[in-house]
Amino acid sequence: MRVDTQVGIVGAGPAGLLLSHLLHLSGIESVVLELRSRDYCERRVRAGVLEQGTVDLLTECGVGDRMRREGLVHRGIELRFGGRGHRIDFPTLTGGRAITVYGQQEVVKDLIAARLAAGGRIMFEADDVSVHDIQTDRPHVRFLHGGEPMELQCRLLAGCDGFHGVCREAIPAEALSIYERVYPFAWFGVLAQTPPPSAELIYAAHERGFALYSMRSPEISRLYLQVAPDEEAVNWPDTRIWRELHRRLGEEAGERLKEGTILEKGVTGMRSFIAEPMQYGRLYLAGDAAHIVPPTGAKGLNLAVADVGVLARAMAKYFKSGGEDLLRAYSATCLRRVWRAEHFSWWMTSMLHRFPAHDGFQHRLQRSELEYVIGSRAAATSLAENYVGLPFDW
Ligand code: FAD
Ligand code: DHB
């Protein structure tokens with residue numbers, strides 16, 4: 001069967017869903033193809049920190065009601081090292097900006113609900129997706145739906161299918177430049193039924209490895225531990241998780257961390273990755289399909305949102321007036337912000353983690369950098385303005 005639409009979108013993560021929603025608000029039709037089921041997409045636990053610009057965009061486009069009710073506004077984070085905590089205050093350093101803690105899967109739920117309520121088409125459980133004729137004005141996507149072969153014909157195509165998707169792979173290798181770093185550790189992420197040990201996020205640099213204390217609600221904590229890159233969750237019984245969290249958090253806050261039920265565990269590899277340009281012919285890559293950051297700066301989801309904000313505007317101009325200037329500028333416009341976030345995420349990762357190959361010299365450099373960040377208003381401002389996110393038109 002053949003389906004026709006203006007924009008074909010591969011992937012129903014935050015990038016694909018928000019793009020479809022923004023296009024709809026501009027009167028442009030799209031179809032989203034997603035490998036997984038709706039239930040799977042809505043349960044996938046990932047990021048949790050929304051920059052001010054992300055919150056503003058979701059609010060402006062009408063999908064921010066629950067986020068504003070249930071999201072937790074945070075005006076600072078704590079950096080912990082040498083057995084002490086040091087607060088970085090966002091509003092005083094950034095002219096009043098803050099972040100909101102609201103789980104990525106909640107953003108996904110809100111976007112799916114908004115698309116379906118508006119009659120939008122999301123085809124879940126689309127198998128064997130492949131993109132064709134992307135260098136022509138009639139790109140199309142072939143896939144199986146309910147076992148039946150289907151073809152989606154469109155004018156423009158958005159590859160929002162994450163790092164392991166098929167869209168980036170469809171671009172000839174010689175047309176892309178890849179920049180990449182793989183880190184010698186991973187994050188072991190835990191979702192636990194326990195009140196967070198602090199009202200704000202704690203980034204802890206410890207000699208046993210980095211730890212991060214985040215949350216999803218006043219009753220649910222989201223906790224991360226630096227582990228070996230090939231670590232498996234089965235090696236971490238609950239008792240080991242709590243012991244390690246208490247150690248890395250230090251005595252005072254550690255005592256406040258209560259050992260509740262562990263709801264979910266998983267290991268995520270750490271990588272920096274950028275594919276340039278983020279476009280080939282009529283295929284536009286957005287979000288993790290084009291770039292990955294290590295999670296330490298909480299930038300992945302925010303970059304995906306910023307990309308599709310730019311892409312939706314460019315596509316709207318193209319369909320309204322035929323003007324292609326914004327589409328032509330899409331990749332360069334996004335990459336400026338992407339590289340800023342890549343640098344910030346690499347810097348936070350490098351400052352806070354224990355690297356297996358590091359010696360005393362490098363440990364002391366890391367310590368000196370942390371002391372500088374908490375001791376100098378200029379250094380603290382640099383961290384704060386990157387963390388809350390630079391303006392979308394930066
Ligand atoms: P995704 O959310 O990956 O969405 C892509 C969608 O495409 C998925 O629904 C996928 O099922 C679908 N898809 C894939 N292949 C196909 C195909 N062939 N056909 C059709 N559909 C396909 N960031 C942070 O800031 N903090 C974190 O703690 C954090 N934790 C993370 C943990 C994990 C395990 C991962 C993978 C990422 C994490 N991130 C984190 C990064 C953040 O979640 C991503 O940057 C964000 O999800 C990017 O959104 P996206 O829409 O571009 O891609
Ligand atoms: C969360 C994830 C991050 O990568 C981060 O830097 C802060 C918080 C979270 O999942 O809550």
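These numbers come from a predicted model, not from an experiment. Counting convention: from 1, in listed order, for ligands and their atoms alike.
- Near Leu33, the atoms of ligand 1 lying under 4.0 angstrom from a non-hydrogen atom of the residue are 20 (C), 21 (N).
- Annotation for ligand 2: atoms under 4.0 Å from non-hydrogen atoms of Arg46 are 10 (O).
- Heavy-atom contacts of Lys299 reach the following atoms of ligand 1: 25 (O) (cutoff under 4.0 Å).
- Ring geometry for Tyr203 versus Phe210: interplanar angle of 30 to 60°, hence tilted.
- Look at Gln104 and you'll find every heavy atom at least 4.0 Å from all atoms of ligand 2.
- Listed by number with element, the atoms of ligand 1 under 4.0 Å from a non-hydrogen atom of Gly287 are 52 (O).
- Contacts between Val293 and ligand 1, counted as non-hydrogen atom pairs separated by less than 4.0 Å, are absent for every part of the residue.
- For atom 14 (C) of ligand 1, the nearest protein heavy atom (residue, atom name, distance) is Asp161 O, 3.1 Å.
- At a heavy-atom distance under 4.0 Å, atoms from both the backbone and the side chain of Leu35 approach ligand 1.
- Residue contact check: Gly13 has heavy atoms under 4.0 Å from atoms 2 (O), 4 (O), 6 (C), 9 (O), 51 (O) of ligand 1.
- At a heavy-atom cutoff of 4.0 Å, ligand 1 is contacted by the backbone of Leu301 but not by its side chain.
- If you number the atoms of ligand 2 from 1 as listed, the ones under 4.0 Å from a heavy atom of Arg222 come out as 10 (O).
- Heavy-atom proximity to Val129, at under 4.0 Å, picks out these atoms of ligand 1: 19 (N).
- If you look at Ala298 next to ligand 2, the close heavy atoms, those under 4.0 Å, come from the backbone and the side chain alike.
- Backbone and side-chain nitrogen or oxygen atoms of Val10 are examined, and none is located within less than 3.5 angstrom of a nitrogen or oxygen of ligand 1.
- Heavy-atom proximity to Gly165, at under 4.0 Å, picks out these atoms of ligand 1: 15 (N).
- The proximity of Ala126 to ligand 1, defined as any non-hydrogen pair under 4.0 Å, does not occur for either the backbone or the side chain.
- Annotation: atom 26 (N) of ligand 1 to nearest protein heavy atom, Ala47 CB, 3.4 Å.
- Nearest protein neighbour of atom 2 (O) of ligand 1, counting heavy atoms only, is Arg46 NH1, 2.9 Å.
- Close contacts of ligand 2 with Tyr203, meaning ligand atoms under 4.0 Å from a residue heavy atom, involve 5 (C), 6 (O), 7 (C).
- Under a 4.0 Å criterion applied to the non-hydrogen atoms of Leu212, ligand 2 contributes the atoms 3 (C), 5 (C), 6 (O), 7 (C), 8 (C).
- Contacts with ligand 1 closer than 4.0 Å are made by no heavy atom of Phe163, backbone or side chain.
- Of all the heavy atoms of Tyr213, none lies under 4.0 Å from any atom of ligand 2, so neither backbone nor side chain is involved.
- Using a 4.0 angstrom heavy-atom cutoff, Met348 does not count as in contact with ligand 2.
- The contact set between ligand 2 and Leu201, taken as ligand atoms under 4.0 Å from a residue heavy atom, comprises 7 (C), 8 (C).
- Atoms of ligand 2 lying under 4.0 Å from at least one heavy atom of Pro295, given by number and element, are 3 (C), 4 (O), 5 (C), 6 (O).
- Neither the backbone nor the side chain of Val101 has any atom closer than 4.0 Å to an atom of ligand 2 (non-hydrogen atoms only).
- Close approach of ligand 2 to Val49 is summarised as follows: ligand atoms under 4.0 Å from at least one heavy atom of the residue are 7 (C), 8 (C).
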Criterion salt bridge (charged side-chain N to carboxylate O under 4.0 Å, His left out) on Asp307 and Arg337, from CA distance to verdict: CA-CA 9 Å; Asp307 285 355; Arg337 183 184 187 81; over 6 Å; no
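- At least one heavy atom of Tyr224 sits closer than 4.0 Å to an atom of ligand 1.
- The aromatic rings of Phe355 and His358 sit parallel, their planes meeting at an angle under 30°, below the 60° perpendicular limit.
- Within the structure, the closest approach of Arg44 to ligand 1 falls below 4.0 Å when heavy atoms are considered.
- For Arg36 and Glu125, the salt-bridge test fails: no basic side-chain N is under 4.0 Å from an acidic carboxylate O.
- If you number the atoms of ligand 2 from 1 as listed, the ones under 4.0 Å from a heavy atom of Thr296 come out as 6 (O).
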